J.: 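Just passing along the structure, written as structure tokens.
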There are 2 protein chains.
Amino acid sequence: MLRIGSSVEYATRLMVRLAAEADGATLSAERMSALENVPRDYVDQILQRLRRAGLVESRRGAQGGYKLSLEPSRITIGRIVKAVDEGVFEAVCGRYSAGDTKCSHSDGCGIRPVWERLGLFVEEYLDNVTLAELLEPELGVSARVKHLFGAER
Amino acid sequence: MLRIGSSVEYATRLMVRLAAEADGATLSAERMSALENVPRDYVDQILQRLRRAGLVESRRGAQGGYKLSLEPSRITIGRIVKAVDEGVFEAVCGRYSAGDTKCSHSDGCGIRPVWERLGLFVEEYLDNVTLAELLEPELGVSARVKHLFGAER
DNA sequence: TCAATCTTGATTAGATAGGTCAGGTATGTT
DNA sequence: AACATACCTGACCTATCTAATCAAGATTGA
């Protein structure tokens, strides 16, 4: 139901590594692979997805490498997750629709809203944790997401 | 990352059906299969898991069937999910551990707490939605889960 | 007894996740 | 210019998991 896949885990670690790098110094994929013990080719693949999402910049050729596109405080875990994990919050209807075009419980019962709301909660949670906080864990995130529970369904 | 699988979706629908049944009337697996358009044998399998979790009771033989073990207001979606979805919140460490026994980011950075907290978050959310509310969607759940955000990491 | 119905556990087909591979393109250094 | 370094692209493979099926049995009501 809730599962942190390897690509999400690795992407987060790579981003933390880059964030920890002094000023705008670059790190090569090779080096990151060694540091995090993630398969070399897989690192490439993940970094490309992060680059296409605009989270990292690359420089090719000798002495090339990667660096963050934004300040760590402006990069959320939510963006990282969405960059590498295409179908993060999978739609529920119309998967498993009860025969016809719409869910058999589409009116009169509240199953769907429960899943939808759960998805929104998870998404908002992740959008409220920044890379900067991962470097300084003591900051905490909970204070900033309290507002999520202010609205009624 | 977050995915409502068929077993969770079906189990929830079946439980809602049973909850909607007047007093303690039973419904056969056959009937539920037809009502929800879920494969007959699959309904069996799911109902057994719900039974072993103590959420439904069964009566065998002719005129047999299933009914809820508890009042709808005392059955949470969390319990349903845990009943049918064995590894709901999968551990992250030590999957993908960076080579040695412990995660390379095990101290000094806050990756793991983010996932752990997310898991707790989802779990608590689901534990605060009851079957009774699914029958009367207007009640809403958000008010009751506000406290989840009171504690700091 | 017989039919309805739950019970158990094994098995299978398809999808997905995780990782690999082969080739290409750009850039710094000599 | 040549070469090594390093990013770039997309196809490919494979083990695991999900969803569903199947087969055989055990209870119970009429």
Side-chain angles (χ1 to χ4, degrees), chain A residues 1-14 18 25-53 55-67 69 81 84-88 90 92 95-98, chain B residues 1-14 18 25-34 36-67 69 81 84-88 90 92 95-98:
Chain A
M1 170 149 214
L2 177 65
R3 168 151 192 269
I4 310 303
S6 68
S7 61
V8 167
E9 173 71 16
Y10 293 159
T12 307
R13 287 193 206 160
L14 297 177
L18 290 174
T26 66
L27 274 181
S28 71
E30 177 78 33
R31 179 118 183 79
M32 285 188 261
S33 168
L35 286 171
E36 295 296 342
N37 203 42
V38 174
R40 178 59 225 282
D41 288 337
Y42 204 18
V43 166
D44 270 4
Q45 196 178 111
I46 290 166
L47 285 170
Q48 288 314 308
R49 293 191 233 172
L50 291 170
R51 186 182 57 77
R52 291 182 192 125
L55 296 177
V56 302
E57 289 169 6
S58 61
R59 212 178 69 216
R60 302 221 261 199
Q63 314 305 320
Y66 295 87
K67 62 169 190 168
S69 295
V81 168
V84 299
D85 200 352
E86 196 98 11
V88 192
E90 296 196 19
V92 175
R95 306 180 69 187
Y96 316 127
S97 63
Chain B
M1 171 148 210
L2 178 64
R3 168 155 190 266
I4 310 302
S6 69
S7 60
V8 167
E9 173 71 16
Y10 293 158
T12 308
R13 287 194 208 157
L14 297 177
L18 289 175
T26 66
L27 275 180
S28 72
E30 177 78 34
R31 180 115 183 82
M32 285 189 260
S33 168
E36 295 296 341
N37 203 41
V38 174
R40 178 57 226 280
D41 288 336
Y42 204 19
V43 166
D44 273 1
Q45 197 178 43
I46 290 166
L47 285 171
Q48 288 313 310
R49 293 191 234 172
L50 292 170
R51 186 181 58 77
R52 290 181 193 125
L55 297 176
V56 302
E57 290 170 6
S58 61
R59 213 178 68 216
R60 302 221 259 199
Q63 314 305 319
Y66 296 86
K67 62 171 192 168
S69 296
V81 168
V84 299
D85 200 350
E86 197 98 12
V88 191
E90 296 198 18
V92 175
R95 304 179 68 187
Y96 315 127
S97 62

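Below, chains carry the letters A, B, ... as their sequence lines are ordered, and counting in each starts from 1. Since we're looking at a predicted model, the values are computed, not measured.
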J.: Regarding Arg49(A) and Gln45(A), is there a side-chain donor-to-acceptor distance under 3.5 Å anywhere?
T.: yes
J.: On the nucleotide dG18(C), are OP1 or OP2 found under 4.0 Å from the side-chain N or O atoms that Ser6(A) carries?
T.: yes
J.: Shortest non-hydrogen contact from Leu47(B) to Ala29(B)?
T.: CD1-CB, 3.9 Å
J.: At 4.0 Å (heavy atoms only), tell me whether Gly61(B) reaches a base, stays on the sugar-phosphate, or touches nothing.
T.: base
J.: Which part of the nucleic acid does Arg31(B) contact within heavy-atom distance under 4.0 Å: base, sugar-phosphate only, or nothing?
T.: nothing
J.: At less than 4.0 Å, is any side-chain N or O atom of Tyr10(A) found next to OP1 or OP2 of dG18(C)? Yes or no.
T.: no
J.: So which nucleotide from dA20(D), dC21(C), dT7(C) ends up closest to the side chain of Tyr42(B)?
T.: dA20(D)
J.: Tell me whether the side-chain N/O atoms of Arg51(B) come closer than 4.0 Å to OP1 or OP2 in dT7(C).
T.: yes
J.: From C-beta outward on Gln45(A), which listed nucleotide comes closest to its side chain: dG29(D), dC6(C), dG19(C)?
T.: dG19(C)
J.: Does a side-chain N or O from Arg49(B) land closer than 4.0 Å to OP1 or OP2 of dC6(C), or not?
T.: no
J.: For a quick test of reading the model: is some side-chain N or O of Ser28(A) closer than 4.0 Å to OP1 or OP2 of dA6(D)?
T.: no
J.: Hey, which of these two, Val38(B) or Leu47(A), hits DNA chain D nearer its 5' end, going by closest nucleotide?
T.: Leu47(A)
J.: Taking atom types as modelled, is there a side-chain donor on Tyr42(A) or Ser33(A) under 3.5 Å from an acceptor on the other?
T.: no
J.: What I want to check is whether the side chains of Ser28(B) and Tyr66(B) have a donor and an acceptor closer together than 3.5 Å.
T.: no
J.: Would you tell me if any nitrogen or oxygen in the side chain of Arg3(B) comes within less than 4.0 Å of OP1 or OP2 on dC17(D)?
T.: no
J.: What is the separation between atom CD on Gln48(B) and atom C1' on dA10(C), rounded to the nearest whole Å?
T.: 16 Å
J.: Between Tyr66(A) and Arg60(B), just flag the one whose closest nucleotide in DNA chain D comes earlier from the 5' side.
T.: Tyr66(A)
